[in-house]
Each structure stands twice: as C-alpha cells, then as structure tokens.
Amino acid sequence: MSDWIAIGAMGLVGVGLPLAMMAVSALLRPSVPEQGKSATYESGEVPTGTARVQFNIQYYMVALLFLVFDIETVLIFPWTVIYRSALEQGASLATILTPMLVFIGVLVIGLVWAWRNGAVKWVKSPQASRRKTERQDA
C-alpha cells in the first residue's frame, strides 16, 4: 500500500508544483496594460495583412508519411538488435520473422494506399502549370 501512497504523492507534487508556481507568479508580477503588448511582433516591422495563410495540404501529408516511416525505423531497430540472441536461445526463424513481416506488410499496404490516393504525388502550383502550358503553346 505504501507504493501507492508514494505514487499519489508524486502525482500531487507533479500537478501541484506547477499550479503553485503559476499562482505565485500571477500574484507577484506587475500588471502594466499597454496597447503594444497585444500587437504581433514582426522584427520591428509593422505587420501587414492577415496572419492566416493557407498552406498546401501536401506539406502535411509528406510530414505524416515521414513520421509513420520514422516510427517504423525506431520500432525495427530494437528488433534487429535482439534477432541474433533470440536465434541463439533456440527460437525458430518463423517465430522471430513473422511478427516483423506482418508489421512491415501493414506499413507497405499503408504506403500503397497513400500512393494510390495521391498522398505522395506532389501537386504543382497554378503558376508552374501556366508556365508549362505557355511554353508548350509557344
């Protein structure tokens, strides 16, 4: 039971300490409201236009695919480290390879799905498409 008390105390300290620090800082800090504090800082320049810019969705798709295959590498590396020791301890080759082949198979299916849905196909900008048609017309 004392282990649970220690875990509960650690949880209370982990939540209570940051809350106490925020409360103390809110009480001690000076409050000087000023118009310039709420303005967007642009390296000393006066901001123009809106901060909302629509990015191409392809950036996010490439980032997600990168994360998926980066995590795959992180998960495959420990498996490769213990592969030889598992064989030396008497595990069969099928017992060792089957889970990893299933894992890689699921990732390959995901990559094929993403490829067929155009997630890895880079979309050209309208300007590049216009330039290409202008060159072909000339």
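Side chains are part of it too, since the values below use all heavy atoms of this structure and drop only hydrogens, waters and symmetry mates.
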Report summary line: Residues passing the ring pair (Phe, Tyr, Trp, His ring centres under 6.0 Å) test with Trp79, sequence neighbours excluded, are Tyr83
Query raised in the report: Mind checking who shares a hydrophobic cluster with Leu19, ILVMFWY linked at side-chain heavy-atom distances under 4.5 Å?
Result: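 Leu19 clusters with Val15, Met22.
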Query raised in the report: With Ile71, which residues qualify under side-chain contact (heavy atoms from CB on, under 4.5 Å), at least two apart?
Result: Leu75
Query raised in the report: Honestly curious: do Met21 and Leu27 fall in one hydrophobic cluster under the side-chain, below-4.5 Å linking rule?
Result: no
Query - Test side-chain contact (heavy atoms from CB on, under 4.5 Å) applied to Ala20 - qualifying residues, sequence neighbours left out - result: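 Here no residue qualifies.
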Query raised in the report: Got a sec, which residues hit side-chain contact (heavy atoms from CB on, under 4.5 Å) with Ile82, two or more places apart in sequence or on another chain?
Result: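 Ile82 satisfies side-chain contact (heavy atoms from CB on, under 4.5 Å) with Ser85 once adjacent residues are dropped.
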Query raised in the report: Where the side chain of Asp70 meets the backbone of Phe66, is there a donor-acceptor pair that is under 3.5 Å apart?
Result: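 No, the answer is negative, given that no donor and acceptor are paired below the 3.5 Å cut-off.
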Query raised in the report: Hydrophobic cluster mates of Phe77, side-chain heavy atoms under 4.5 angstrom, ILVMFWY only, any path?
Result: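 Via sub-4.5 Å side-chain contacts, Phe77 links to Val81.
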Query raised in the report: Is there a chain of hydrophobic side chains (I, L, V, M, F, W, Y, each step under 4.5 Å between heavy atoms) that links Leu101 to Ile109?
Result: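 Hydrophobic grouping puts Leu101 apart from Ile109.
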Query raised in the report: So if you build clusters from Ile, Leu, Val, Met, Phe, Trp, Tyr with side-chain heavy-atom gaps below 4.5 Å, do Leu107 and Met100 land together?
Result: yes
Requested in this report: Give every residue pair that meets the ring pair (Phe, Tyr, Trp, His ring centres under 6.0 Å) criterion with at least one member in residues 11-31, sequence neighbours excluded.
Outcome: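 Not a single pair qualifies under ring pair (Phe, Tyr, Trp, His ring centres under 6.0 Å).
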Query raised in the report: In the hydrophobic clustering (ILVMFWY, side-chain contacts below 4.5 Å, transitive), which residues join Leu28, or is it alone?
Result: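 Members alongside Leu28: Val24.
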Requested in this report: Quick one: list whatever passes side-chain contact (heavy atoms from CB on, under 4.5 Å) with Val74, sequence neighbours left out.
Outcome: none
Tell me which donor-acceptor pairs under 3.5 Å the side chains of residues 90-97 have, and how far apart each pair is, sequence neighbours excluded?
unit_1: Ser92; atom_1: OG; unit_2: Thr95; atom_2: N; d: 3.2
unit_1: Ser92; atom_1: OG; unit_2: Thr95; atom_2: OG1; d: 2.5

Report summary line: Rounded to the nearest 0.5 angstrom, the CG-CD1 distance for Asp3 and Ile7 is 6.5 Å
Query raised in the report: When Ile, Leu, Val, Met, Phe, Trp and Tyr are grouped by side-chain heavy atoms lying under 4.5 Å apart, directly or through other members, which residues fall in the same group as Leu12?
Result: none
Query - Candidate pair Thr80 and Ile76, rule side-chain contact (heavy atoms from CB on, under 4.5 Å), full reasoning - result: CA-CA 6 Å; Thr80 59; Ile76 288 176; 3.9 Å; yes
Query raised in the report: Is there a chain of hydrophobic side chains (I, L, V, M, F, W, Y, each step under 4.5 Å between heavy atoms) that links Leu64 to Leu111?
Result: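 Looking at the clustering, Leu111 is in a separate group from Leu64.
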